[in-house]
Amino acid sequence: MARVVIMGGGVSGHTAATFSKKWLGDEHEVVVVTPNSQWNWIPSNIWVGVGQMQKKDVVFPLAPVYEKAGIVYKQALAKAIHPNGKESSDKPFIVIESTKKDSLGQTEELEYDYLINATGPKLNFDATPGLGNGKGQMGTNTVSVCTAEHAIHANLELKQVFEKAKKAKENGTGEKQKILVGTGHGMCTCQGAAFEYIFNIEHEAKKAGVRDMLDIKWISNEAFLGDFGMGGLHMKVGGYAVSSKLFAESLYAERNVEWIIGAHTSKVEDGKIEYELLDGTKHEETFDFAMLIPPFSGVGFKAYDKDGSDITDVLFAPNGFMKVDAKYDAGAYENWKASDWPSTYQNPSFSNIFACGIAFAPPHLISKPMTSPNGTAINPTPPRTGMPAGIIGKAVAHSVCDMIKKGKDAHLHEASMAEMGAACVASAGKGILDGSAAAMTVYPVVPDFEKYPGTGRDTDYTFGEIGLAGHWIKHILHHMFIWKAKLKPGWTFIPE
Amino acid sequence: MKKKEEENFALNEQFNLTMIPGSFARKMRTCKIWQFFRFIVINIKMLIVVSKSH
Ligand SMILES: Cc1cc2nc3c(=O)[nH]c(=O)nc-3n(C[C@H](O)[C@H](O)[C@H](O)COP(=O)(O)OP(=O)(O)OC[C@H]3O[C@@H](n4cnc5c(N)ncnc54)[C@H](O)[C@@H]3O)c2cc1C
């Protein structure tokens, strides 16, 4: 009997775990180590953050789902990997620390035959002074929608700002509330989430009758609006192939949202941020309410050899993400190729270790690297959204299952982001009859300028459109993915 | 003739240099019949990309 251990039960890890169990059956053991007792459909946190959904709508308890599936569930944080075992045993293992109330902090050694790292990102608030609390958590100056709890808090703060705006309108003082949404550092990813949040706020403000009392501003590390960490995309519209820049700018102008781009948020204080622009100039911006996405890093694993020596740098890149079969020495932007991107997600040093979703170390950025004259890097890091995270999780599970069933030399399944598309629906306001969302597809996610000279992508399969239909799709996807994650009948037919 | 949907062009330089949808384009975005048709089209397009990616 082989044991597959999956660290992280988010989008990618949950997909890997559930498919591993389905394909391996009861002959082998599948174990998930993840710290939260509840699974969260993260994209819908946006709607929790504007009070249009409650926490219970976006989470469900994991234990009954894993029990039904026959997956062993450890509510714990994985802390360290010992890929060569220890002096008394060759068996590889990880060290986990319980996050369950009744056994909080207790550690355990968990042996594995195959290890899948799907731990997603660490929300690195402390990378920007004042964004974090200095202890690894979000600070008190801004809000976040990255977790369901954060989103509940964001909504409470937002409602207070709406209340003040309403009072100012009633009193006729004309004092506007300033809302700032975007990225909290020059090396952030996940601009899409901030994009959704700012337009959902704008939509809710209109519904609440306070839109005219709000100044809503976007701040981001993108060199141009619509970059989204993917170097932007080109879509065919009205016979033209058009940059996403034009469409993004159009939406911001239509909804009266000003933008600051090419910005590294360097410091956050109560009601004020400092930022540096790509031209090296430094500025300040004040706010009454700010939601700034933190930069991401790996979750901070340690790895040890048999003799206890630290081999973290063998398994992990300096940013804490796990090394896989990517070309990490591609060098300057001019040398970057689509083939630099990993396809099997196997660790180059240990063939029984894989990483999927946000946990793998990308070879380099997708967007063009940019630095200010002061040497500050200001560019989005590569996004790994839900669809790629799910597809990669499934491909990795397939490889591991084949290695168990057919032998260690089994052919590995491939899922390169340079050969994979992504469908993404970005909400711009919730409402069955008055909502809207930007429905987008890109193919491939990582542009391939050798295959598609000019735009790097196949414009027959790269498109974007905003409207009510997009909102309907987003709403249906919410229910579909929660249905799938709960392993309800037909779950395997719902694509990642 | 006053066109409300064009007013934002004048708000600042950023807005002035981009495109802003007119009233017809805006109406179509929430027109139920048109959006139902777009719903089908977008779903088909997405399914094609999804099937090319698995
Ligand atoms: C607000 C928001 C909105 C978004 N909207 C969209 C969207 O509309 N569409 C889209 O495609 N994508 C969206 N994304 C991105 C999407 O959520 C991610 O791409 C996806 O969650 C990545 O999956 P993952 O499994 O790699 O990471 P996660 O889903 O973050 O899962 C990682 C898991 O690992 C666990 N973990 C962390 N540390 C450890 C440890 N030490 N040991 C064990 N477990 C650990 C975590 O608790 C978590 O359960 C959004 C993201 C955010 C923040």
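Each chain gets a letter, A, B and so on, in the order its sequence line appears, and its residues count up from 1.
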Which bit of [X] is near chain B, if near means a heavy-atom gap under 4.5 Å: side chain, backbone, both or neither?
X: A:V445; answer: neither
X: A:A422; answer: backbone
X: A:M440; answer: backbone
X: A:V242; answer: neither

When you measure from the side chain of [X] to the backbone of [Y], do you find a donor-acceptor pair of N or O atoms at a distance under 3.5 Å?
X: A:S250; Y: B:M19; result: yes
X: A:E254; Y: B:I20; result: no
X: B:S53; Y: A:G421; result: yes
X: B:Q35; Y: A:A469; result: yes

With a 4.5 Å cut-off on heavy-atom pairs, point out which of B:I48, B:I42, B:V50 contacts chain A the most.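 Winner by heavy-atom pair count: B:I42.
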
Option in B:K32, B:M46, B:K52 with maximal non-hydrogen atom pairs under 4.5 Å from chain A: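 Of B:K32, B:M46, B:K52, B:K52 has the most heavy-atom pairs under 4.5 Å with chain A.
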
Closest non-hydrogen atom pair, B:T30 against A:L468: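 It is O-CD2, 4.1 Å.
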
Over 60° means perpendicular and under 30° means parallel, so tell me whether A:W259 and B:F15 are parallel, tilted or perpendicular.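 A:W259 and B:F15: tilted rings.
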
Rounded to the nearest 0.5 Å, how far apart are CG of B:L17 and CD of A:E249?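 It comes to 8.5 Å.
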
Hey, is A:E465 close enough to B:K45 for a salt bridge, meaning N to O under 4.0 Å?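 No salt bridge links A:E465 with B:K45.
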
For B:L11, which atoms come within 4.5 Å of any heavy atom of chain A: side chain, backbone, both, or neither?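 The answer is the side chain of B:L11.
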
Heavy-atom count around A:I432 CD1 within 6.0 Å, excluding the residue itself: above 12?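 Yes - once you tally the heavy atoms of other residues, nucleotides and ligands closer than 6.0 Å, there are more than 12.
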
Whether the B:H54 and A:E496 side chains hold a donor-acceptor pair (N or O, under 3.5 Å, no angle test) is what I'd like checked.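 Yes, side-chain donor-acceptor contact under 3.5 Å.
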
